[in-house]
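The structure appears right after this line, and notes come after that.
Every chain is numbered from 1 and lettered A, B, ... according to where its sequence line falls, protein lines coming before strand lines.
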Amino acid sequence: MRIYAIDLSRDINDEFFSNLKLFTGNERPVSKRITEIAIELFQNIRRYSSTLTNAKLEIVNDQSDYACRSVNTIASSAVTALTEIIRHINTLDRNELKSTHTKILACSLQTKNNNPGLGLYRIALRSHARLNASFTQLDADRFELSLHVNLAAPQ
Amino acid sequence: MKPLQINRTDTTPAVTLDSEKNIFEITGRSVADNPSDVYQQVLQWLGQYARDPRPVTLVTFKLEYFNTASSKALLDTLSALSFIRNAKVLWYYQEDDEDMREAGEEFFELVNIPFEFKTY
């Protein structure tokens with residue numbers, strides 16, 4: 001198993017893309033999907049983490065299978081909503097996932113609001129697989145979110 | 001009308017909106033965490049252009065990557081284009097990039113403007 005750990009301390013730059021390309025090789029559709037998922041996870045971690053201490057974003061390659069794993073600390077108040085979004089995503093088939101993503105995106109045009117969760121729907125669309133999340137309570141205010149995103153072959 | 005030219009960066013696209021030269025393009029990556037700096041300028045320019053557009057306006061979108069934050073900004077941009085008479089979107093995607101084609105189709109569903117899908 002090969003593991004590539006992404007540096008979370010620096011913003012996305014050319015090096016981010018070239019390092020991912022080096023790790024994932026030249027199989028372009030796979031490499032591109034991993035990069036898109038990594039971008040979403042990277043920005044979720046930077047945006048929503050209460051701290052970057054102990055935060056992690058890794059790309060794992062087990063022979064021909066890739067996965068993205070992220071670990072970060074989130075506020076306790078976010079756990080219920082995140083759990084519900086991920087549960088909902090995992091109940092949807094691909095067509096339902098697409099149409100839900102479209103509805104949420106359309107909603108952002110009408111309301112001018114950011115829609116938390118849209119990125120998770122996008123990650124699920126790109127991965128073609130269920131999202132695996134676990135929440136570990138650290139203290140009264142914080143949980144550790146561990147998210148594992150496999151890359152399934154598109155059907 | 002003064003053209004809008006924004007150079008590409010590691011995370012934001014190159015933008016050329018030039019009525020005189022008939023060039024309307026957004027190309028490259030759009031993955032900034034907050035892409036509004038770029039797209040606010042685009043929206044402002046399009047708002048002015050819509051008052052006196054060319055007879056036909058073909059707008060090229062040739063994006064390598066875009067993130068969730070940009071998808072909202074792109075939707076706003078496409079929505080602004082729908083107010084320009086005889087505007088059309090040329091949505092480019094690499095032949096093996098099913099996701100980018102689907103993303104274009106999703107935008108097409110949401111805005112009232114013709115799209116032409118092209119591979120490169």
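At most 12 non-hydrogen atoms from other residues, nucleotides or ligands lie less than 6.0 angstrom from CG of B:Asn112. Atom CD of A:Glu96 is surrounded by more than 12 heavy atoms from other residues, nucleotides or ligands within 6.0 Å. Environment of CZ in A:Arg130: sparse, with no more than 12 heavy atoms of neighbouring residues, nucleotides or ligands closer than 6.0 Å. Atom CG of A:Asp62 has more than 12 neighbouring heavy atoms from other residues, nucleotides or ligands inside a 6.0 Å radius. At most 12 non-hydrogen atoms from other residues, nucleotides or ligands lie less than 6.0 angstrom from CZ of B:Phe83.
The CZ atom of A:Phe16 sits 11.5 Å away from atom CG of B:Asp10, with the distance rounded to the nearest 0.5 Å. To the nearest 0.5 Å, atoms NZ (B:Lys72) and CG (A:Leu105) are separated by 8.0 Å. The distance from atom CD1 of A:Ile12 to atom CG of B:Asn67, rounded to the nearest 0.5 Å, is 7.0 Å. Atom CG of B:Leu110 is separated from atom OG of A:Ser108 by 8.5 Å, given to the nearest 0.5 angstrom.
Under the 3.5 Å distance criterion, the side-chain polar atoms of B:Glu102 are left unmatched by any main-chain donor or acceptor of A:Lys98. Side chain of A:Lys32 to backbone of B:Glu64: a donor-acceptor contact under 3.5 angstrom is found.
Each of B:Leu81 and B:Tyr92 belongs to its own hydrophobic cluster when Ile, Leu, Val, Met, Phe, Trp and Tyr are linked at side-chain heavy-atom distances under 4.5 angstrom. The hydrophobic cluster containing B:Leu43 does not contain B:Ile113, counting ILVMFWY residues as joined when their side-chain heavy atoms lie under 4.5 angstrom apart, directly or transitively. Tracing side-chain contacts under 4.5 Å through hydrophobic residues (I, L, V, M, F, W, Y), one never reaches A:Leu22 starting from A:Ile3; they form parts of separate clusters. No continuous path of ILVMFWY side-chain contacts below 4.5 Å connects A:Leu145 to A:Val71, so the two sit in separate hydrophobic clusters. The hydrophobic clustering, which links ILVMFWY residues whose side-chain heavy atoms are closer than 4.5 Å, places B:Leu90 and B:Phe24 apart.
The greatest number of non-hydrogen atom pairs below 4.5 Å with chain A, out of B:Gln94, B:Met100, B:Glu98, is found for B:Gln94. Note: A:Thr35 leads A:Thr35, A:Ile123, A:Asp11, A:Leu125 in heavy-atom pairs under 4.5 Å with chain B. The choice from B:Val111, B:Asp97, B:Thr9 that makes the most heavy-atom pairs within less than 4.5 Å of chain A is B:Asp97. Across A:Arg122, A:His101, A:Arg47, A:Arg126, the residue that shares the most heavy-atom pairs under 4.5 angstrom with chain B is A:Arg122.
With a threshold of 4.5 angstrom between heavy atoms, A:Phe17 approaches chain B through side-chain atoms but not through N, CA, C or O. Both the backbone and the side chain of B:Ser71 come within contact range of chain A, each with at least one heavy atom under 4.5 Å from a heavy atom of that chain. Neither the backbone nor the side chain of A:Arg46 comes within less than 4.5 Å of any heavy atom of chain B.
Put simply, the residue from A:Gln43, A:Glu40, A:Glu36 that forms a side chain to side chain donor-acceptor pair (under 3.5 Å) with B:Thr68 is A:Glu40.
Under the 4.5 Å side-chain criterion, counting only non-hydrogen atoms from C-beta, A:Ile39 is not in contact with B:Phe66.
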